[in-house]
Undergrad: 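Can you keep this structure in mind? I'll have questions shortly.
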Amino acid sequence: MVVMQKKTNKSGAPLSRKEATHERIVEVAARAIRRSGYGGTGVADIMKEAGLTHGGFYAHFESRDDLLAEAGDRAGAESVALAARVAANAPPGLALQAMMKAYLSQEHIGAIETGCPVAALGSEMPRQAPEVRRAATIHIKEMIDLFARQLPDWGQPQAHEEAMALVCALVGTAMVARAVDDPKLSEALCAAALKQFTPHGA
């Protein structure tokens, strides 16, 4: 029998009805922005998908940008947490390769709604409100740090630079692989990037 873990708030207490509703809205929005983009994500559609009325929105958020910032924060946190789990479960010394393979896997390339929000929304981010961009920036930095910690020279300036370049390469590859309408080309793009950036051809 699978036991479902109850969600709790920051103090560890079970979520109140309002907190649970807020969580559901953010969860739906985090998927919606990756699926439809910031511009294609409307408040009414999110509330409907969450099983709520449009009128209840302002009991939880001051504005649409407030919701988009929280949704982006949730999506970014999910992406970093997934990469961290991949690293933790990899054999010793192979965490970096495992993270790269997972990021450029066909499963992740096809999972726009639940995958990396930077790859899904990167081209839209410069035009978003400051709070939306801030949420994205925090998790981009976290992802870079996570990659840097897997490098042999972690702690040195060059490790951070290498991690920045690597994350940019992975995000760019994912964006292009999703853009093309040729599945074989999409796979070839990911394979080429892995070949170029996997250390020592591992």
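All values below come from the heavy atoms of this structure, side chains included, with hydrogens, waters and symmetry mates left out. Residue numbers start at 1 and run along the sequence shown.
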Undergrad: Going by salt bridge (charged side-chain N to carboxylate O under 4.0 Å, His left out), name the residues that satisfy it together with Glu70, two or more places apart in sequence or in a different chain.
TA: none
Undergrad: Before you tell me yes or no, could you show the steps for Ile140 and Val171 under side chain to side chain contact (heavy atoms under 4.5 Å, CB included), namely the whole-Å CA-CA distance, both residues' side-chain angles and the distance that decides it to 0.1 Å?
TA: CA-CA 10 Å; Ile140 290 170; Val171 170; over 6 Å; no
Undergrad: Are Leu67 and Arg64 packed together at the side-chain level, in the sense that at least one heavy-atom pair is separated by less than 4.5 angstrom?
TA: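 A side-chain contact is absent here, since even the closest heavy-atom pair is not under 4.5 Å.
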Undergrad: Can a salt bridge be assigned to the pair Glu23 and Arg74 using a cut-off of 4.0 Å between side-chain N and carboxylate O?
TA: yes
Undergrad: Find out if a path of hydrophobic residues (ILVMFWY) with successive side-chain heavy-atom gaps under 4.5 Å connects Val132 to Ile138.
TA: no
Undergrad: Which residues satisfy the side chain to side chain donor-acceptor pair (under 3.5 Å) test with His139, sequence neighbours excluded?
TA: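 Scan of His139 (side chain to side chain donor-acceptor pair (under 3.5 Å), adjacent residues dropped) gives Asp73, Glu142.
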Undergrad: Testing the basics here: between Ala129 and Asp65, what is the closest heavy-atom pair and its distance to 0.1 Å?
TA: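 Closest pair (atom of Ala129, atom of Asp65, distance): CB-OD2, 3.4 Å.
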Undergrad: Rounded to the nearest 0.5 Å, what's the gap from CZ on Arg34 to CD on Glu78? Could you check?
TA: 5.0 Å
Undergrad: Under 3.5 Å, side chain of Ser79 to main-chain N/O of Ala75, donor-acceptor pair present?
TA: no
Undergrad: Any pair with a residue in residues 168-190 that passes salt bridge (charged side-chain N to carboxylate O under 4.0 Å, His left out), sequence neighbours left out, goes on the list, sorted by first then second residue, please.
TA: none
Undergrad: Please tabulate, for the side chains in residues 113-126, all donor-acceptor contacts under 3.5 angstrom to protein atoms that are two or more places apart in sequence or on a different chain.
TA:
from, atom 1, to, atom 2, distance (Å)
Glu113, OE1, Arg35, NH1, 2.9
Glu124, OE1, Tyr38, N, 3.0
Glu124, OE1, Gly39, N, 3.2

Undergrad: Below 3.5 Å, can you tabulate the donor-acceptor pairs from side chains in residues 144-159 to any protein atom, sequence neighbours excluded?
TA:
from, atom 1, to, atom 2, distance (Å)
Gln150, NE2, Leu146, O, 2.9

Undergrad: Treat each ILVMFWY residue as a node, draw an edge where side-chain heavy atoms are under 4.5 Å apart, and state whether Val80 and Val86 are in one component.
TA: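 Linked within one cluster.
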Undergrad: Find the distance between CD1 (Ile109) and SG (Cys190) and round it off to the nearest 0.5 Å.
TA: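 These two atoms lie 4.0 Å from each other.
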Undergrad: Any idea which heavy atoms bring Ala98 and Ala90 closest together, and the distance?
TA: CB-CB, 3.7 Å
Undergrad: Taking only residues at least two apart or on different chains, which pairs with a member in residues 60-115 satisfy ring-ring contact (aromatic ring centres under 6.0 Å, His included)?
TA: His22-His60, His22-Phe61, Phe57-Phe61, Tyr103-His108
Undergrad: Are Leu104 and Phe197 connected in the hydrophobic side-chain network, where two residues link if heavy atoms are under 4.5 Å apart?
TA: yes
Undergrad: Given Ile46, which of Ile33, Ile25, Leu52, Val26 fulfils the side-chain contact (heavy atoms from CB on, under 4.5 Å) condition?
TA: Ile25
Undergrad: Contact between Met100 and Leu194 at the side-chain level, heavy atoms closer than 4.5 Å - yes or no?
TA: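 Yes; the side chains approach each other to less than 4.5 Å.
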Undergrad: Which heavy atom in Thr41 sits nearest to a heavy atom in Ala32, and how many Å separate them?
TA: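 Residues Thr41 and Ala32, closest heavy atoms: OG1-O, 3.3 Å.
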Undergrad: Look at the side-chain heavy atoms of Ile, Leu, Val, Met, Phe, Trp and Tyr, link any pair under 4.5 Å apart, and say whether Met175 and Val167 land in one connected group.
TA: yes
Undergrad: Looking only at heavy atoms, which two atoms of Ala50 and Arg24 are closest? And how far apart?
TA: O-NE, 2.9 Å
Undergrad: From Lys141 NZ over to Met143 CE, what is the distance, rounded to the nearest 0.5 angstrom?
TA: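 Nearest 0.5 Å value for the NZ-CE distance: 15.0 Å.
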Undergrad: In the structure I gave you, are the side-chain heavy atoms of Met47 and Thr53 within less than 4.5 Å of one another anywhere?
TA: no
